[in-house]
Amino acid sequence: QVILFPLIAISPLQDYTAFERQVVKLSHFDWAIFISTNAVQQGMPRLLNQLGQVPARLRFAAIGPTTAAELKKFGIDDTLVPDNRFDSESLLALPEMQNIHSQKVMIFRGEGGREVLADTLKSRGAHVEFAECYRRINPQTDIELLDVQRRMGKLDAIVVTSSEAMRHLLQFAGDAEWLASIPLCVNHERVADQPRQMGLRVAVAGASGDAAMLNCLTATLS
């Protein structure tokens with residue numbers, strides 16, 4: 001039995017003027033990196049509407065295969081993707097991201113977000129700019145729904161799949177003691193950092209994807 005309690009919702013920007021100013025520069029860039037399917041869904045239609053077509057010299061990279069598959073829907077068939085774990089660090093480890101001095105990279109993402117990708121590429125001599133094309137909002141108002149389910153004996157584990165969602169959960173919970181009794185299953189060691197520091201029970205899935213998370217839940221609850 002699954003309780004849906006989304007802690008992040010994707011919303012369009014209120015103003016796309018800055019994004020449009022960035023996109024018109026793409027013909028002078030070497031790489032376009034998309035950090036999520038949301039970046040593709042929110043960015044590519046507006047990119048094509050602005051430019052008419054993708055610049056011929058532009059190469060594409062994506063954080064993972066799901067994002068690459070979303071790019072394929074827009075005719076982008078050749079996308080650089082990590083082989084194993086699907087995060088910024090894995091993308092940065094690829095040979096194509098090593099010898100990148102003097103190349104121009106545009107990162108398509110939501111407002112804010114981690115800076116490790118941009119900072120590392122800059123340290124390797126790349127020129128990096130952002131094309132921010134969506135925003136993440138928290139659709140919840142309180143955590144009462146989860147606490148009610150717990151008191152009814154219907155909450156055995158909580159799945160959290162991003163650091164931002166984890167921050168929202170912990171902010172909502174505050175100093176609620178009940179959260180310490182519920183195991184948290186997460187998809188990355190990075191997501192586990194803050195709850196572990198708070199002494200909460202955390203299990204990390206061994207790989208990306210739904211199957212790995214299901215295995216994590218099974219092992220945690222068995």
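Residues Leu80 and Leu58 do not share a hydrophobic cluster, clusters being chains of Ile/Leu/Val/Met/Phe/Trp/Tyr side chains in contact below 4.5 Å. Cluster membership check: Leu155 does not share its hydrophobic cluster with Leu221, using side-chain heavy-atom separations under 4.5 Å among Ile, Leu, Val, Met, Phe, Trp and Tyr. No path of Ile, Leu, Val, Met, Phe, Trp and Tyr side chains, each step under 4.5 Å between heavy atoms, connects Phe29 with Val24, placing them in separate hydrophobic clusters. In the hydrophobic clustering of this structure, Leu51 groups with Phe74; members are Ile, Leu, Val, Met, Phe, Trp, Tyr whose side-chain heavy atoms approach within less than 4.5 Å, directly or through other members. Hydrophobic clustering of Ile, Leu, Val, Met, Phe, Trp and Tyr side chains at less than 4.5 Å, counting indirect connections, unites Trp178 with Leu7.
One finds a salt bridge joining Glu189 and Arg196 here, because a Lys/Arg side-chain nitrogen approaches an Asp/Glu carboxylate oxygen to under 4.0 Å. Using a cutoff of 4.0 Å between basic side-chain nitrogens and carboxylate oxygens, Asp30 and Arg59 are not scored as salt-bridged.
Between the CG atom in Leu121 and the NE2 atom in His101 there is a gap of 12.5 Å [rounded to 0.5 Å]. Between the CD1 atom in Ile143 and the CD atom in Gln171 there is a gap of 11.0 Å [rounded to 0.5 Å]. Separation of atoms CD (Gln42) and CZ (Arg46) is listed at 5.5 Å; rounding is to 0.5 Å. Taking CD of Gln140 as the start and CG of Leu169 as the end, the distance is 10.5 Å to the nearest 0.5 Å. Note that the NZ atom of Lys154 and the CG atom of Leu146 stand 14.0 Å from one another [nearest 0.5 Å]. Annotation: the span from Arg57 atom CZ to Trp31 atom CH2 amounts to 12.0 Å, rounded to 0.5 Å.
Heavy atoms only, all atoms of each residue included: Arg151 and Glu144 are closest at NH2-OE2, 2.9 Å. A pairwise comparison of heavy atoms in Gly64 and Pro82 identifies N-CD, 4.5 Å as the closest pair. Shown here for Ile10 and Arg136, the closest heavy-atom pair between the two residues is CD1-CG, 3.8 Å. The heavy-atom pair separating Pro139 from Ile8 by the smallest distance is CD-N, 3.8 Å. Taking each heavy atom of Met44 and Val54 in turn, the nearest pair found is CE-CG2, 4.3 Å.
A cation-pi contact links Arg109 to Phe130, judged by a cut-off of 6.0 Å to the six-membered ring centre and 45° from its axis.
Using modelled atom types, one side-chain atom of Arg201 and one backbone atom of Ser181 make a donor-acceptor pair closer than 3.5 Å. Judged purely by atom type and a 3.5 angstrom limit, Gln98 uses its side chain to pair as donor or acceptor with the backbone of Leu94. Side chain of Tyr16 to main chain of Cys133: a donor-acceptor pair is present (N/O by atom type, distance under 3.5 Å, no hydrogens or angles).
Remark: the Glu129 side chain and the His127 side chain contain an N/O donor-acceptor pair separated by less than 3.5 Å.
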(request) Assess whether side chain to side chain contact (heavy atoms under 4.5 Å, CB included) is satisfied between Met106 and Gln22, documenting all intermediate values. (result) CA-CA 9 Å; Met106 190 169 292; Gln22 290 297 88; 4.2 Å; yes

(message) What verdict does the side chain to side chain contact (heavy atoms under 4.5 Å, CB included) test give for Arg135 and Gln14, after you've listed the backbone C-alpha separation in whole Å, the side-chain angles of each residue and the deciding distance to 0.1 Å?
(response) CA-CA 9 Å; Arg135 59 196 177 107; Gln14 294 178 322; 4.0 Å; yes

(request) For side chain to side chain contact (heavy atoms under 4.5 Å, CB included), just list the numbers for Val191 and Thr161, CA-CA rounded to whole Å, side-chain angles, deciding distance to a tenth of an Å, and then say yes or no. (result) CA-CA 7 Å; Val191 185; Thr161 57; over 6 Å; no

(message) What verdict does the side chain to side chain contact (heavy atoms under 4.5 Å, CB included) test give for Arg167 and Gln194, after you've listed the backbone C-alpha separation in whole Å, the side-chain angles of each residue and the deciding distance to 0.1 Å?
(response) CA-CA 8 Å; Arg167 285 195 298 273; Gln194 187 175 358; 3.5 Å; yes

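Between Ser36 and Tyr134, the closest side-chain pair of non-hydrogen atoms falls below 4.5 Å. When side chains are defined from C-beta on, Phe34 counts as touching Leu71, because their heavy atoms get closer than 4.5 Å. The shortest distance between side-chain heavy atoms of Ile182 and Asp156 does not fall below 4.5 Å. Between Lys72 and Ile76 there is no side-chain heavy-atom pair separated by less than 4.5 Å. Looking at heavy atoms from C-beta onward, Val204 lies out of side-chain contact with Asn187 at the 4.5 angstrom threshold. Using a 4.5 Å heavy-atom threshold, the side chains of Ile158 and Leu179 count as touching. In this structure, Pro195 and Leu170 have side chains that are in contact, with non-hydrogen atoms separated by less than 4.5 Å. Looking only at side-chain heavy atoms (C-beta outward), Asn49 and Pro45 stay at 4.5 Å or farther from each other.
No more than 12 heavy atoms of other residues, nucleotides or ligands shown are found within 6.0 angstrom of CG on Asp210.
Using cut-offs of 30° and 60° for the angle between ring planes, the Phe19 and Phe108 rings count as perpendicular.
Considering Val40, Thr67, Leu91, Ile107 in turn, Ile107 is the only one that fulfils the side chain to side chain contact (heavy atoms under 4.5 Å, CB included) rule with Ile35.
With sequence neighbours left out, the side-chain hydrogen bond (donor to acceptor under 3.5 Å, both in side chains) criterion links Asp87 to Ser90, His188.
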